[in-house]
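This report refers to the structure that appears directly beneath it.
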Amino acid sequence: MKNTLVLSCLAAVLTFAPTVASAENIKIGTVDMKRVFESYYKTKDAEAKINEKRNSAKKELEDRMDVAKKALEEVKKLDEDIQKPELSKSARDEKMRIRQEKATDLQTMDREIREFQAAQEKQLNELSVRMRAGIVEEINKVVEARVKAENYDLVLDKSGPSLNGVPLVLYSRDNWDFTTDIVTALNKNKNSTPDAPVAVPVATPRSKRGSN
């Protein structure tokens, strides 16, 4: 119900925006936040780092599983040896003792593999969330700076559907959109120092009040 009400209000704003903007000088802008996020070089860098860590964890997991597989084969071989009728009692007892030790070690390996896999998945998920949050925060700061610099009254995200599956922005004029300016500002410092501030996108003629 709440989402329907929000969509109705936004639709009303967009439908009557030309009249309202003319009467009250309201300035509206749109940004495709999905495109901005995907186009930001730090997003690609973050994805590369996560993939690198994921591949490293996968390699270690495979190495551990190979060790466990060899241990399982040794246990199976001992089981076969123990069943041989020509084996003396003392030799059979010794093999049974070794078999028990290896079986215990195999159980430990299996537990450690599962714990390692769960821990790595948790760490990767947490890293992904932290990196995404940091990138979104940077993007929001640049958008906010643009909004303040050009005195926007309303800015909408046109990147995707609402919770009801309906596009949040049903229609917007091309000259309202400043997605490209945000992407340009974010990527301007790609080859500069990591702590360099992101430049605020410069105002363009198409974003002035009363433009068509």
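Just so you know, these numbers use all the heavy atoms, side chains as well, and skip hydrogens, waters and symmetry mates.
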note = Taking every heavy atom of Leu186 against every heavy atom of Tyr41, the minimum-distance pair comes out as O-CE2, 3.4 Å
request  = Taking Thr184 for its side chain and Thr180 for its backbone only, find out whether a donor-acceptor pair lies under 3.5 Å.
outcome  = yes
request  = Examine Ile98 and Met109 and state if one hydrophobic cluster contains both, with Ile, Leu, Val, Met, Phe, Trp and Tyr joined whenever side-chain heavy atoms are less than 4.5 Å apart.
outcome  = no
inquiry  = Taking the basic N atoms (NZ, or NE/NH1/NH2) and the acidic carboxylate oxygens, is any pair closer than 4.0 Å for Asp45 and Lys49?
reply    = no
message = So which atom in Ala46 and which in Ile135 form the shortest heavy-atom distance, rounded to 0.1 Å?
response = CB-CD1, 4.0 Å
ask   = What's the verdict on side chain to side chain contact (heavy atoms under 4.5 Å, CB included) for Leu156 and Trp176, showing C-alpha distance, side-chain angles and the deciding distance?
value = CA-CA 10 Å; Leu156 302 173; Trp176 286 358; over 6 Å; no
note = Across all chains, not counting sequence neighbours, the side-chain hydrogen bond (donor to acceptor under 3.5 Å, both in side chains) partners of Asn140 are none
ask   = Val36 versus Asp32: any side-chain heavy-atom pair under 4.5 Å?
value = no
message = Regarding Lys76 and Glu80, does a basic nitrogen lie under 4.0 Å from an acidic carboxylate oxygen?
response = no
task = Enter the distance from Arg114:CZ to Leu61:CG here, rounded to the nearest 0.5 Å.
result = 12.5 Å
key: Carboxylate-amine/guanidinium contact Glu73 Lys77, below 4.0 Å   = no
request  = Please lay out, stage by stage, how Asn187 and Tyr40 fare under the test side chain to side chain contact (heavy atoms under 4.5 Å, CB included).
outcome  = CA-CA 6 Å; Asn187 291 329; Tyr40 190 17; 3.5 Å; yes
task = Check whether any side-chain heavy atom of Gln123 lies under 4.5 Å from a side-chain heavy atom of Gln120, and answer yes or no.
result = yes
key: Salt bridge Lys70-Asp66, side-chain N to carboxylate O under 4.0 Å   = no
message = Any salt bridge linking Glu38 with Lys34? Criterion: basic side-chain nitrogen under 4.0 Å from a carboxylate oxygen.
response = yes
inquiry  = Checking side-chain hydrogen bond (donor to acceptor under 3.5 Å, both in side chains) between Glu144 and each of Arg146, Lys141, Lys148, which is the one that passes?
reply    = Lys148
ask   = Are Val147 and Ile182 in one and the same hydrophobic cluster, where Ile, Leu, Val, Met, Phe, Trp and Tyr link if side-chain heavy atoms are under 4.5 Å apart?
value = yes
Partners meeting side-chain hydrogen bond (donor to acceptor under 3.5 Å, both in side chains) with Arg132 (sequence neighbours left out) = none
message = For Asp105, give me all partners under salt bridge (Lys or Arg N to Asp or Glu O under 4.0 Å), at least two apart in sequence or on another chain.
response = none
query = Are Val155 and Val183 joined in one hydrophobic group, where the rule is that I, L, V, M, F, W and Y side chains link up if heavy atoms are under 4.5 Å apart?
reply = yes
ask   = How long is the gap from CD on Gln117 to CZ on Arg64, to the nearest 0.5 Å?
value = 11.0 Å
note = Tightest non-hydrogen contact, residues Leu106 and Ala71, listed as CD1-CB, 3.9 Å
ask   = In this structure, are over 12 heavy atoms from other groups packed under 6.0 Å from Glu52 atom CD?
value = no
query = Do Glu94 and Arg97 meet the salt-bridge criterion of a basic N to acidic O distance under 4.0 Å?
reply = yes
query = When rounded to the nearest 0.5 angstrom, what distance separates CD in Gln83 from CZ in Arg92?
reply = 7.5 Å
query = What distance do Thr108 atom OG1 and Ile113 atom CD1 have between them, rounded to the nearest 0.5 Å?
reply = 11.0 Å
request  = Look at the side chain of Asn55 and the backbone N and O of Asn51, then say whether any donor-acceptor pair between them is shorter than 3.5 Å.
outcome  = yes
Atom pair CD/NZ of Glu138 and Lys42 - distance to nearest 0.5 Å = 3.5 Å
inquiry  = Check whether Lys27 reaches the backbone of Glu150 with its side chain - one donor and one acceptor, N or O, closer than 3.5 Å.
reply    = yes
query = Between Phe37 and Thr43, what is the shortest heavy-atom contact and its length?
reply = O-OG1, 2.6 Å
From NZ (Lys158) to CG (Asp177), nearest 0.5 Å = 4.5 Å
query = Only one of Val75, Asp81, Thr104 forms a side-chain contact (heavy atoms from CB on, under 4.5 Å) with Arg99, so which one is it?
reply = Val75
